[in-house]
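First the proteins, then the strands, lettered A, B, ... as listed; each starts at 1.
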Protein chains: 2
Amino acid sequence: MEKCTNEAHHHSKHNHQLCYEHTMQTIEKLCAKRNIRLTPQRKTVIQLMLNADKAMSAYDLLDQLKEIEPQAKPPTIYRALDFLIEQGFVHKVESINCYIICPHFDDPSHISILFICDKCQSIIEEHSPIIEAQLQSLAQKNMFIIQHSVLEIHGTCQHCANQIVGQ
Amino acid sequence: MEKCTNEAHHHSKHNHQLCYEHTMQTIEKLCAKRNIRLTPQRKTVIQLMLNADKAMSAYDLLDQLKEIEPQAKPPTIYRALDFLIEQGFVHKVESINCYIICPHFDDPSHISILFICDKCQSIIEEHSPIIEAQLQSLAQKNMFIIQHSVLEIHGTCQHCANQIVGQ
DNA sequence: TGCATAACGATATATGATATTATTAATAAA
DNA sequence: TTTATTAATAATATCATATATCGTTATGCA
């Protein structure tokens, strides 16, 4: 997994097919272990997200899903996304109402920090024990019990920043 | 302003009217200084948010606004909110599609960390230079230029946690 | 006073998401 | 293998959130 995060092959000539196969196999194994069903529909949605290489809205995904399963309706995609989020394979990016494959679903122990490029919708995922500790400390100060953290940083990625300079 | 943040008077017997007047006066002064118009409609929306003491959805606000201005339509409230966000008086809480008065609009130099109670929608705003520095360092590592940060922590506030224990 | 701009009103529509109910497929039990 | 049970999918309706457009009105300023 480590070498196959979104940022690693975004804007590169990296062989998606290989990476895609690897990720899909990992997800399949996990589902088998958890005794949950990775149906063809759910698998298709994962495929679409892996091929996209950027944050996709539910309706982006629905449009593409319809090409394969023409009967798909909004609830179709939301059901698939709900399942994938529940299992930790997908993150919802709250600040742009989009969805991405979680690049570390096999190790869900840390909080995701998403760096979102507002130009190309590519997303880099990072982690920081320091930030996690600091958040816990702020929570404790306020007697607040943390359940889920949304850390989404907007800006411009290296690639898009270079493009602007290059123009 | 410091003594009048949302958390300070939430669930307390603090005199809202005083705090409200003070906040409103500060906003009025700032608008005068910036040469922008704080219209009665915009003022009403600020009032509604100050009285609410929790995150309000656009349509929550619209319903209340309609009681005062019956002609109000969705664009009415979104225009007011856009203005108030632009001027830094209001934050959008991205992960719940709600809006709050920013308790430190007179000093917008730091990133807001919102602790959101999923039981009562009350919100505590915090800041952390440590987290800001850590985010900058992660951004630099990825050659990412930060423009705007969304830090929203979900969980249970002290008051709601006590309620559950007390039952 | 008259022009330019900003704000507001009104309608329509787009987008995002959930609820409900029906139907079909997969698995387990008799 | 038939029936019961459960999970998955389909279809539609509805709710929630947000924007586009355009005509009108108010305000500030030359």
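Between the CG atom of B/Leu38 and the C1' atom of D/dT27 there is a distance of 15 Å, given to the nearest Å. Spacing between atom CG of A/Asn35 and atom P of D/dA7 amounts to 12 Å, rounded to whole angstrom units.
The main-chain N or O of B/Arg79 is never found under 3.5 Å from a side-chain atom of B/Asp82 such that the two would form a donor-acceptor pair. In this structure, the side chain of B/Arg42 engages the main chain of B/Arg37 through a donor-acceptor pair within 3.5 Å.
The aromatic rings of B/Tyr99 and B/Tyr78 lie perpendicular to each other, with more than 60° between the two planes, well past the 30° mark.
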Return a table of donor-acceptor pairs under 3.5 angstrom between the side chains of residues 129-137 of chain B and protein atoms on other chains or two or more places apart.
unit_1, atom_1, unit_2, atom_2, d
B/Glu132, OE2, B/Ile111, N, 3.1
B/Gln134, NE2, A/Ser128, OG, 3.1

Listed pairs under 3.5 Å, donor-acceptor, residues 84-97 of chain A side chains, sequence neighbours left out:
unit_1, atom_1, unit_2, atom_2, d
A/Gln87, OE1, A/Arg34, NH1, 2.9
A/His91, NE2, A/Ser112, OG, 3.1
A/His91, NE2, A/Glu125, OE2, 3.4
A/Ser95, OG, A/Glu152, OE1, 2.4
A/Ser95, OG, A/His154, NE2, 2.7

Return a single string for nucleotides 6-19 of chain C, one symbol per nucleotide in 5' to 3' order, where B is base contact, S is sugar-phosphate-only contact and - is none, cutoff 4.0 angstrom on heavy atoms. SSBBBB----BBBB

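Evaluation of the side-chain hydrogen bond (donor to acceptor under 3.5 Å, both in side chains) rule for A/Glu28 yields A/Lys43 as partners, not counting sequence neighbours.
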Before you tell me yes or no, could you show the steps for A/Thr44 and A/Glu69 under side chain to side chain contact (heavy atoms under 4.5 Å, CB included), namely the whole-Å CA-CA distance, both residues' side-chain angles and the distance that decides it to 0.1 Å? CA-CA 9 Å; A/Thr44 303; A/Glu69 304 185 13; 4.2 Å; yes

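Direction change of the helix axis from one end of the helix from C/dT1-D/dA30 to C/dA30-D/dT1 to the other is 20°, with five pairs defining each end axis (rounded to 10°).
Within the structure, the ring-ring contact (aromatic ring centres under 6.0 Å, His included) test picks out the following pairs touching residues 133-152 of chain A (sequence neighbours left out): A/Phe144-B/Phe115.
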